[in-house]
Amino acid sequence: MVDRNKMKKDGGSSDDAMIRAEAVLRSRFHYPSFREGQKEIISSLLQGSDVFAMLPTGGGKSLCYEIPGYILDGLVVIVSPLISLMEDQTHALREIGETRVRALNSMVHPQEQKRILGQLGSLRFLYLSPEMLRRPRVIDALTRVSVALFVIDEAHCVSQWGHEFRPDYLHLAGIREQLNHPVCLALTATADQRVKEDILHYLHLKDACHIMMGVDRPNIAMSVIETENVPEKTKELLGLLHTVRLPGIVYCSGRVLTMQLADLIGAKLHLRTAYYHGGMYPEDRRKIQNQFLEGSLDVLCCTSAFGMGINKPDIRLVVHYQYPANLNAYLQEIGRAARDGGPGLAVLLHAPEDDLLPVSLIEANYPSEPLMRLALGWISRGLLDPGKQPNAFRGALMQSGAGETAARFLTDQLQELPPGISATAALQKVLRAVHERKQTQFGDLEHMKAWIHTKRCRREACLEFFDEKLTRKPAHCCDRCGISISDFANERQTNRKSHVAFDWRRRLTALLLTEK
DNA sequence: CGCCGCACGATTAGTCGTGCGGCGGTGCACTAAT
């Protein structure tokens with residue numbers, strides 16, 4: 001399902017380049033042939049066309065810029081959202097014998113950073129964060145070399161993180177201009193209509209060719225289990241984990257909850273369980289991630305911190321104990337299941353109380369009006385300048401009670417004000433920006449909730465948000481189409497046949513009642 | 001919204017209830033003083 005509508009039809013001269021590309025594929029990467037989508041992407045890039053590509057995860061996205069790296073003349077700059085991802089990818093390239101690859105981030109010693117910037121001309125691949133790309137010294141060094149390709153990996157971050165959490169994502173287009181407008185490749189696995197529009201808009205990819213593989217993962221069955229309250233939801237979770245094939249991921253929205261659930265699951269079900277969230281030490285996160293990847297864990301309870309760049313083929317189950325604030329994030333998270341093409345199950349557990357948390361998480365992204373007035377006061381009295389001292393400005397906002405994201409959002413907004421604007425006009429402008437963003441986020445949340453409560457086929461309803469049509473309904477589609485959890489039962493359960501479901505329910509109820 | 005932690009007061013010396021306020025998720029880079 002490749003959308004070739006916008007592909008340029010130059011033809012002819014690119015044949016040579018593609019022959020070389022296939023040679024590189026075989027000789028360096030030891031693959032016999034391209035996978036679906038890869039050839040079109042590489043061919044377009046080699047013809048000098050920008051590309052916006054949506055490929056399923058595990059579909060070999062990195063090859064799409066690695067191979068051009070061996071054919072084009074100049075540096076390939078890859079914007080990556082996570083340091084751990086940069087490390088994994090530079091490591092993978094080193095494994096195949098590539099030495100001309102570096103990652104530039106805060107984990108690299110300042111002296112080494114300086115050395116890297118001095119030797120950019122001799123590198124083939126450079127990984128860095130959007131934040132790093134805004135540092136004048138970095139931009140300066142990059143303008144001195146020829147950048148052949150500008151890659152935005154995990155491009156949905158532009159839309160999902162750029163507006164509030166990591167505003168530097170919205171400034172990539174300007175930086176690309178400063179680098180003499182190299183050919184650009186934006187890569188992601190899932191992008192609904194709005195995310196697509198954001199990517200195209202904020203990366204200035206008006207004339208890019210679109211190579212879109214569908215987001216549907218027919219081998220992942222979808223189900224929502226409605227419960228009365230949280231204790232009942234927990235009971236359902238334990239029952240599910242007891243019954244179905246593992247390993248599995250349990251997503252929740254709070255750090256403490258990941259630990260509590262991991263404790264509970266370990267104690268009640270005797271499964272090898274761990275937790276993972278953004279507040280842990282990086283070395284612990286690595287450790288748990290590796291344990292999960294190598295198969296020494298059955299269940300991982302985690303926040304949304306876990307998942308990006310994780311490529312474990314045999315995850316059989318993804319449970320949402322609490323749901324994310326939009327369908328794009330949801331699809332991203334359940335998409336981690338069953339990459340091997342085997343059966344996968346995505347279960348969203350819902351209790352009425354769950355609807356409150358996403359609302360407050362969205363609200364927490366934005367500064368309050370009194371805080372805006374305070375900040376504008378600092379500016380008008382000449383105390384602080386968000387443009388000249390963004391860090392000090394953000395720090396002062398946080399001292400005054402703003403959360404980090406809200407502080408960053410406000411600092412970024414105030415930097416963009418036209419010179420000489422009145423305080424009243426500035427306030428109106430920021431209020432409007434906040435209002436618009438909240439509208440969008442609450443709109444996305446409503447879509448998510450509508451999907452949870454839909455009576456239609458979940459797959460069909462979900463694909464609709466991604467502007468796709470369900471062409472073929474898989475055998476195990478969704479709860480609305482009549483799947484049964486017992487179809488996903490693990491070996492122990494299948495041996496025991498039909499009355500097992502009743503059995504675990506009663507046993508768990510007994511266990512939970514005797515707990516306190 | 002609902003939970004958790006903290007301060008506080010009543011009570012009589014360590015505990016216990018109440019009430020209030022803040023927090024809840026994702027990560028880059030950097031700052032400052034040592």
Side-chain angles (χ1 to χ4, degrees), chain A residues 79-87 103-110 113 127-138 152-154 156-172 229-231 233 251-260 275-282 285-286 301-310 320-326 328-330 332-333 351-366 368 389-409 411-412 441 444-445 448:
Chain A
V79 180
S80 171
L82 304 178
I83 293 174
S84 63
L85 220 57
M86 297 179 207
E87 285 171 352
L104 191 67
N105 57 57
S106 62
M107 297 307 285
V108 176
H109 192 279
Q113 289 186 26
Y127 287 88
L128 36 61
S129 64
E131 288 81 4
M132 207 40 114
L133 255 185
R134 285 194 85 189
R135 287 170 40 160
R137 273 182 43 200
V138 174
I152 290 86
D153 197 13
E154 308 285 357
H156 59 278
C157 293
V158 171
S159 175
Q160 305 252 95
W161 283 356
H163 296 282
E164 293 88 13
F165 186 48
R166 291 176 70 177
D168 296 299
Y169 261 107
L170 297 191
H171 296 278
L172 291 173
N229 50 45
V230 174
K233 189 173 69 167
Y251 276 107
C252 22
S253 297
R255 293 174 177 181
V256 179
L257 197 57
T258 63
M259 303 185 232
Q260 291 168 336
Y275 60 88
Y276 182 104
H277 58 72
M280 292 160 59
Y281 292 112
R285 291 174 64 163
R286 264 289 176 193
C301 301
C302 59
T303 61
S304 55
F306 184 80
M308 214 189 280
I310 299 297
H320 279 79
Y321 188 80
Q322 282 159 327
Y323 62 88
N326 59 70
N328 207 71
Y330 183 68
Q332 195 93 30
E333 288 170 358
E353 293 94 315
D354 298 339
D355 296 342
L356 304 164
L357 188 65
V359 175
S360 30
L361 288 180
I362 292 172
E363 292 282 355
N365 285 329
Y366 305 100
S368 64
Q389 324 145 276
N391 290 343
F393 200 88
R394 199 175 63 236
L397 286 171
M398 289 171 71
Q399 288 286 312
S400 310
E404 195 175 346
T405 304
R408 199 177 286 277
F409 182 87
T411 307
D412 209 60
Q441 298 225 298
D444 287 352
L445 177 58
M448 180 76 223

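All chains are named by letter (A, B, ...) in the order of the sequence lines, taking the proteins before the strands, and each is independently numbered beginning at 1. Predicted model only: the values in this text are computed from it and were never measured.
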For B:dG21 versus B:dG27, give the span between their C1' atoms, rounded off to a whole number of Å. 28 Å
Whole-angstrom distance between B:dT26 and B:dG22, as gauged at atom P: 22 Å
Take atom CZ in A:R137; do more than 12 heavy atoms of anything else shown fall under 6.0 Å from it? no
Give a yes or no answer on whether the side chain of A:R166 reaches the backbone of A:V158 with a donor-acceptor pair at less than 3.5 Å. no
Rounded distance (Å) that lies between atom C1' of B:dT26 and atom OH of A:Y276: 11 Å
Of the nucleotides B:dG25, B:dG2, B:dT26, which one has an atom closest to the side chain of A:L361? B:dG25
Tell me which of A:E404 and A:S360 sits closer to the 5' end of DNA chain B, going by the nucleotide each one is nearest to. A:S360
Categorize A:Q389 for me: base, sugar-phosphate, or nothing, with a 4.0 angstrom heavy-atom threshold over every strand shown. nothing
In terms of heavy-atom contacts, A:L357 and A:S253 come closest through CD2-CB, 3.1 Å
Run A:D153 and A:V79 through side-chain contact (heavy atoms from CB on, under 4.5 Å) and show every step you take. CA-CA 6 Å; A:D153 197 13; A:V79 180; over 6 Å; no
Using the P atom on both, measure B:dA33 against B:dA29 and round to a whole Å. 23 Å
Do A:Y330 and A:Y323 have ring centres separated by under 6.0 Å? no
How far apart are the closest heavy atoms of A:W161 and A:Y169, and which atoms are they? CE3-CE1, 4.4 Å
Please state whether the rings of A:H277 and A:Y275 are parallel, tilted or perpendicular, taking 30° and 60° as the class boundaries. parallel
Consider the side chain of A:N391, meaning its heavy atoms from C-beta on, and name the nucleotide among B:dT31, B:dG27, B:dA29 that approaches it most closely. B:dT31
Counting the atoms with a prime plus P, OP1 and OP2 as sugar-phosphate, which does A:D354 contact under 4.0 Å by heavy atoms, base, sugar-phosphate, or nothing? nothing
Could you measure between the two P atoms, the one in B:dG25 and the one in B:dC4, and give it in whole Å? 13 Å
Check this one for me: any side-chain N or O of A:R255 less than 4.0 Å away from OP1 or OP2 of B:dC4? no
Where the side chain of A:L82 is concerned, which of B:dG27, B:dG25, B:dA29 is the nearest nucleotide? B:dG27
Dot-bracket pairing map - DNA chain B, Watson-Crick plus G-U, both contacts under 3.5 Å, | cross-strand: ((((((((((....))))))))))..........
Got more than 12 heavy atoms from elsewhere within 6.0 Å of CE, A:M398? yes
Is A:D354 reaching over with its side chain to a backbone N or O of A:A351, donor-acceptor style, under 3.5 angstrom? yes
Please tell me if A:T405 has a side-chain N or O lying less than 4.0 Å from either OP1 or OP2 of B:dT26. no
Taking the side chain of A:L356 as heavy atoms from C-beta outward, which of B:dT31, B:dC1, B:dA29 is closest to it? B:dC1
Remember a base hit wins even if backbone is also touched, and classify A:N105 as base, sugar-phosphate or nothing at under 4.0 Å, heavy atoms. sugar-phosphate
Rounded distance in Å between the P positions of B:dT18 and B:dT11: 14 Å
Determine: side-chain N/O of A:S106 to OP1/OP2 of B:dA29, distance under 4.0 Å, yes or no. yes
Give A:M308 one of three labels, base, sugar-phosphate or nothing, depending on what nucleic acid heavy atoms sit under 4.0 Å from its own. nothing
Within the 4.0 Å heavy-atom criterion, would you say A:P81 contacts the bases, only the backbone, or no part of the nucleic acid? sugar-phosphate
Rounded to the nearest angstrom, tell me the gap between atom CZ in A:R137 and atom C1' in B:dA29. 14 Å
A:Q113 CD to B:dC28 C1', in whole Å, measures 12 Å
On a whole-Å scale, what distance lies between the P atoms belonging to B:dT12 and B:dC16? 13 Å
Under the criteria of a ring-centre distance below 5.5 Å and an interplanar angle below 30°, is A:F165 stacked with the base of B:dT26? yes
Give A:R408 one of three labels, base, sugar-phosphate or nothing, depending on what nucleic acid heavy atoms sit under 4.0 Å from its own. base
Comparing A:Q260 with A:R285, nearest DNA chain B nucleotide closer to 5' gives the residue A:Q260
